[in-house]
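Single-structure report; data block below.
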Amino acid sequence: MKKLLWILCMGLTLSGACFAWSPWGKKKTSSKDVSIRLGIWPEDTLTADIEMHEGYVKTFSKIYPDIKVIPSYYKYATDTFVPLAESGQLPTIYDTWFTEPQKIISQGFAKDITAEVKAVGWDKKMNPGVRELLSKNGKIYGVPRDAYALGLMLNVDLFKQAGLVDKDGLPKYPKTWQELAETAKIIKQKTGVAGFCLLAKDNAGGWHFSNIAWDFGAKFEVQKNGKWIAQINTPEVAAAFQYVKDLKWKYDVLTADPTNEDWGTGFRAIGTGTAAMYIAAQDAVNQPTQVNGLPVTSLALEPLPAGPKGQYSLMGGTPYMFSPDATSEQVKACLKYLEIMGKSPEVSETAVAGMKADAQNRMNQGIPVIPPFPAWSDAALEEARGKAEASYRNVDMRLYNDYYTMVTKSGNVKSEEPMCAQDLYAELTKILQAVLTDKNADINALIAKAQTNFQGILDRNTIK
């Protein structure tokens, strides 16, 4: 009955012609073709992923022969997005970061898809926190591809070399930031490589640091009387920067030059064994393994350490959004494609097949097959995904279970700062670069300057 209602709800009209969703395998016809440009198509170097998508298109075309799928790979970047959007060149569907939707929505570069999402009931299945990130004034502008929560990625081989494993060979990971400094020091003494890879080259440095600072009690911005107020110049932020400074000058456990470390080099350090620990999330386990050659059995993902004021995991992710020029029919067609990919909350036979194809591809490519962070809050979906992935599981989940326990506890996961997060990260990275290159850097003076800079940015960019 539920399936029947879903099919009826998904009836839609293309220029007056009926285009009803029906049981898989039966072809439909319409009086007018629809085409969709998939900005979510894999980049050219990911040949296995392209083959997987070509399989999705083959299935899609059998079911929906009147919808034309056009590969249109686009990787979101802040410096290219606005020119592309202003010139009307956005693909029908594209992905971005969870820090960006409110800005994109306010600029008019995303389509309101409330009606299309509600028609299939996806609004009720979306993780409430994720739905809030993708909504404005009660309207929904995107659906999640996936979400992530930061954890502590470990090179298990280095922990073994340093004698930091238990009787079962599982790594004795640090539970607090102070323990991380001490653990990193032991690893460097025993193995000669960096105990911890800290980023300080670009905005990723500020992004990671913000999570550390939360554990020291920091809160980088607050809203008072409708105005956003920067909170960088505080004792809590100063304490977090002092901790990071000590990692370099007191404990000497970092890679040679953190100002040359970015998101990609951090994974290379873990994957090639030049660092033992790195802040990362479950959605990027392909980076040290598939990309950098680390065997899946040599990777672990544990909870981020706790600080003196708490233990938090920064939640972010990747949403799918739609060109403001997309028609309702094109949006509905894209939602159908997402279902075939297994990237929707549906658990139809075809959706489960997409989940299995994705899990098999990860296994074949030497990527840990682990559960996603729940961007959709639907028990039936989680059960179906678990069953779909079970036969492809290629890791000892004891290397991941504590991470999942931590990030699924209420209150442990925090969304990124709501206003101008990327600008905040840029300011924090400037301070990181200063304290990691100058042993005598004045933290109080640096955070005072950053406070002034970031407040100016907030004043200029407040979203009404």
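From a predicted model like this one, the values you see are computed outputs, not experimental measurements. Positions are given from 1 along the sequence. When reading the values below, keep in mind they use all heavy atoms of this one structure, side chains included, and skip hydrogens, waters and symmetry mates.
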Would you please classify the geometry between the Tyr243 ring and the Trp177 ring as parallel, tilted or perpendicular, with 30° and 60° separating the classes? perpendicular
Under 3.5 Å donor-acceptor, Asn127 side chain and Ser377 backbone: no
Relative to each other, are the rings of Tyr148 and Trp207 parallel, tilted or perpendicular (30° and 60° limits)? perpendicular
Lys336 and Glu339 ion-paired at < 4.0 Å: no
Consider only side-chain N and O atoms of Thr318 and Asp95, and report whether a donor and an acceptor are under 3.5 Å apart. no
So do Ile370 and Met397 actually touch side chain to side chain, heavy atoms under 4.5 Å? yes
Does any N or O in the side chain of Thr114 come within less than 3.5 Å of the main-chain N or O of Ile140, such that one atom is a donor and the other an acceptor? yes
Do the side chains of Asn412 and Pro303 get nearer than 4.5 Å, heavy atoms only? no
For Phe220 and Phe454, I'd like to know if the aromatic rings sit close, meaning centre-to-centre distance below 6.0 Å. no
For Asn394 and Ile367, indicate whether the former's side chain and the latter's backbone hold a donor-acceptor pair under 3.5 Å. yes
How about Glu179 and Pro305: do any of their side-chain heavy atoms sit closer than 4.5 Å? no
Using a 3.5 Å distance criterion without hydrogens, assess whether the side chain of Tyr403 forms a donor-acceptor pair with backbone atoms of Ala149. yes
Verify, without hydrogens or angle tests, whether Arg268 (side chain) and Asn292 (backbone) share a donor-acceptor contact under 3.5 angstrom. no
A side-chain contact here means heavy atoms from C-beta on lying under 4.5 Å apart; do His208 and Leu150 qualify? yes
Just by modelled atom types, is the Phe209 backbone N or O under 3.5 Å from a matching donor or acceptor in the Tyr425 side chain? no
Answer with yes or no whether the side chains of Asp157 and Gln161 bring together a donor and an acceptor at under 3.5 Å. no
Roughly how far, to the nearest 0.5 Å, is the CZ atom of Arg145 from the OG atom of Ser344? 15.0 Å
Between the side chain of Thr92 and the main-chain N/O of Arg37, is any donor-acceptor distance below 3.5 Å? yes
Exactly one candidate in Phe109, Phe98, Trp97, Tyr94 meets ring-ring contact (aromatic ring centres under 6.0 Å, His included) with Tyr76; the answer is Trp97
Show the numbers, then the answer: is there a salt bridge (charged side-chain N to carboxylate O under 4.0 Å, His left out) between Arg393 and Glu389? CA-CA 6 Å; Arg393 193 78 69 206; Glu389 294 182 347; 3.4 Å; yes
Would you call Lys185-Glu182 a salt bridge at under 4.0 Å N-O? no
Looking at Asp202, is its backbone amide N or carbonyl O close enough to the side chain of Thr429 to form a donor-acceptor pair, meaning the two atoms are under 3.5 Å apart? yes
Trp376 versus Glu346, side-chain donor and acceptor atoms under 3.5 Å: no
Not counting sequence neighbours, list each pair that qualifies as a ring pair (Phe, Tyr, Trp, His ring centres under 6.0 Å) and has a residue in residues 301-323. none
Should the pair Tyr337 and Phe60 be assigned to parallel (<30°), tilted (30 to 60°) or perpendicular (>60°) ring geometry? perpendicular
Would you say the side chains of Thr265 and Glu261 form a donor-acceptor pair under 3.5 Å? yes
